[in-house]
Asker: 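Take a look at this one; I'll ask things after.
Ligands are counted one by one from 1 in listed order, and the atoms in each one are counted from 1 as well.
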Amino acid sequence: MSSLKIILVRTQIPENLGAVVRAMGNFNITELCLVEPRFDHMHAKARAMSAGNEQVLKGAILCSSLEEAIADCQLVYATSASVRDMNKPVKSPEKAAQNLHKLKGKNAIVFGPERSGLLNDEITLCQGLIQIPVNPVFSSLNIAQASVVVFYEYFKMLSDQEIDMVSPKIDIAENAMRTVFFNKLEQVLDRHNFWRVPTKKPMMWRNIKNIFTSHHYTHQEMKTLTGIVSDILKRRTKYEK
Ligand code: SAH
């Protein structure tokens with residue numbers, strides 16, 4: 001069985017945090033990570049709305065970026081009311097729950113800020129998107145209500161014996177390895193002035209990262225990819241001397 005971390009990014013309203021924590025208790029999920037919450041996470045209103053699940057609030061890990069929060073995770077789903085203009089697998093809560101249960105390591109589900117949702121750069125870091133099917137002209141759910149739907153599907157599947165696990169011999173790399181690879185790849189591309197038009201870099205770089213985030217790589221494959229770009233970096237340095 002996998003272990004699931006819930007990550008809330010820049011949550012703005014204490015009552016919403018409390019209501020998500022309450023839902024975590026309802027569906028037996030205990031690990032919470034908060035990326036730059038906009039208030040003290042032990043706010044009285046958050047505690048009241050957690051309906052007694054205060055130990056999860058107290059135990060929350062605080063992080064300064066999503067990248068840091070997902071470093072130890074293999075499969076990360078961002079949740080969003082709208083499908084963004086990027087090549088990212090979009091799953092129903094049910095299908096996402098199946099995939100999360102297939103992997104033995106640590107996985108995460110990410111929820112965005114109430115007003116604007118997650119940034120495209122943050123969604124790029126995730127392996128896929130969960131979109132709860134809703135009325136297309138009124139698609140934005142309250143964050144805590146969205147969490148209930150997603151947690152319910154995850155919980156329901158705990159008793160489902162039909163899930164084919166990914167072989168334990170296949171050791172899927174955590175996102176931290178991807179970050180190391182991305183840092184080196186960016187250095188190579190910067191050095192070779194790959195972007196040409198500098199204003200185009202943010203979008204091009206997001207698209208390139210999406211090629212590598214949506215697929216699961218093993219530790220060995222990630223090492224190989226990083227080794228290739230490290231080698232190119234070293235050679236370039238030699239030529240420059
Ligand atoms: N306009 C924002 C809405 C933010 S609502 C957006 O496009 O995402 C706050 C959070 O609730 C979202 O970041 C997401 O985590 C969750 N959420 C709201 N509606 C959702 C839906 N239909 N499917 C999945 N998650 C949803």
Side-chain angles (χ1 to χ4, degrees), residues 4-27 29 31-39 41 43 45-46 49-50 53 56-57 60-70 73 75-101 107-157 175 202-203 206 210 213-214:
L4 184 67
K5 166 154 67 166
I6 303 305
I7 304 173
L8 303 187
V9 178
R10 294 185 300 282
T11 308
Q12 297 164 304
I13 301 169
E15 285 93 330
N16 281 341
L17 169 61
V20 172
V21 168
R22 176 180 186 162
M24 287 175 69
N26 295 138
F27 298 107
I29 300 168
E31 193 172 343
L32 177 64
C33 177
L34 304 172
V35 177
E36 295 191 317
R38 296 307 196 216
F39 49 85
H41 71 288
H43 192 290
K45 288 182 175 162
M49 283 297 280
S50 77
N53 198 14
V56 166
L57 262 186
I61 306 283
L62 294 170
C63 285
S64 55
S65 70
L66 181 59
E67 196 170 71
E68 183 189 336
I70 64 170
C73 297
L75 173 58
V76 180
Y77 280 113
T79 54
S80 178
S82 51
V83 177
R84 314 296 173 92
D85 187 17
M86 64 172 89
N87 181 16
K88 195 59 84 180
V90 180
K91 306 288 176 196
S92 65
E94 192 180 19
K95 185 73 195 143
Q98 262 172 18
N99 291 341
L100 289 164
H101 284 300
N107 301 315
I109 300 177
V110 188
F111 294 89
E114 290 87 335
R115 198 171 308 139
S116 53
L118 294 160
L119 301 171
N120 282 344
D121 276 333
E122 289 169 330
I123 291 182
T124 293
L125 297 172
C126 304
Q127 278 67 60
L129 268 179
I130 300 176
Q131 192 185 30
I132 302 166
V134 280
N135 177 357
V137 294
F138 198 61
S139 65
S140 178
L141 287 157
N142 166 271
I143 183 173
Q145 293 173 330
S147 79
V148 169
V149 176
V150 175
F151 298 167
Y152 167 71
E153 292 295 346
Y154 184 80
F155 182 77
K156 205 171 58 159
M157 234 162 259
N175 277 297
M203 217 241 287
R206 265 205 301 274
N210 278 330
T213 37
S214 306

Asker: Checking a contact table here: which protein heavy atom is nearest atom 21 (C) of ligand 1, and how many Å away?
Answerer: Ala81 CA, 3.6 Å

Asker: Under 4.0 Å between a side-chain nitrogen and a carboxylate oxygen: does that hold for Glu122 and Arg10?
Answerer: yes

Asker: Where the side chain of Glu68 meets the backbone of Cys63, is there a donor-acceptor pair that is under 3.5 Å apart?
Answerer: no

Asker: Starting from atom 22 (N) of ligand 1, locate the nearest protein heavy atom and write down its residue, its atom name and how far away it is, to 0.1 Å.
Answerer: Ser139 O, 3.0 Å

Asker: With only distance considered, is Val110 within less than 3.5 Å of ligand 1 through an N or O on each side?
Answerer: no

Asker: Less than 3.5 Å between some nitrogen or oxygen of Gly117 and one of ligand 1, yes or no?
Answerer: no

Asker: Among all protein heavy atoms in this structure, tell me which lies nearest to atom 18 (C) of ligand 1, with the distance rounded to 0.1 Å.
Answerer: Leu141 O, 3.2 Å

Asker: Pull out every atom of ligand 1 sitting under 4.0 Å from any heavy atom of Ala146, numbered as shown with elements.
Answerer: 16 (C), 17 (N), 26 (C)

Asker: What residue and atom, counting heavy atoms only, is the protein's closest point to atom 11 (O) of ligand 1, and at what distance?
Answerer: Ile143 CA, 3.6 Å

Asker: Got an N/O contact under 3.5 Å between Ser80 and ligand 1?
Answerer: yes

Asker: Hey, does the side chain of Lys88 reach the backbone of Cys126 with a donor-acceptor pair shorter than 3.5 angstrom?
Answerer: yes

Asker: Can Gln127 and Asn175 be counted as having a side-chain donor-acceptor contact under 3.5 angstrom?
Answerer: yes

Asker: What protein heavy atom sits nearest atom 3 (C) of ligand 1, and how far away is it?
Answerer: Ser140 OG, 3.4 Å

Asker: Specify side chain, backbone, both or neither for Pro113, according to which of its non-hydrogen atoms lie closer than 4.0 Å to ligand 1.
Answerer: backbone

Asker: Taking the minimum heavy-atom distance to atom 7 (O) of ligand 1, which of Pro133, Ser116, Ser82, Ser147 ranks first?
Answerer: Ser82

Asker: Looking only at protein heavy atoms, identify the closest one to atom 4 (C) of ligand 1 and say how far it is in Å.
Answerer: Glu114 O, 3.3 Å

Asker: Can you report which non-hydrogen protein atom sits closest to atom 23 (N) of ligand 1, along with the distance?
Answerer: Ile132 N, 2.9 Å

Asker: Is the backbone of Leu75 close enough, under 3.5 Å, to the side chain of Asn107 for a donor and an acceptor to pair up by distance?
Answerer: yes

Asker: Measure Asn142 to ligand 1 on non-hydrogen atoms and call it side chain, backbone, both or neither using the 4.0 Å cut-off.
Answerer: neither

Asker: Exactly one of Ile130, Thr79, Ile109 should register a side chain to side chain contact (heavy atoms under 4.5 Å, CB included) with Pro93. Which one does?
Answerer: Ile130

Asker: Of all the non-hydrogen atoms in the protein, which one sits nearest to atom 15 (O) of ligand 1, and at what distance?
Answerer: Thr79 OG1, 2.5 Å

Asker: What about Phe111: any of its N or O atoms under 3.5 Å from an N or O on ligand 1?
Answerer: no

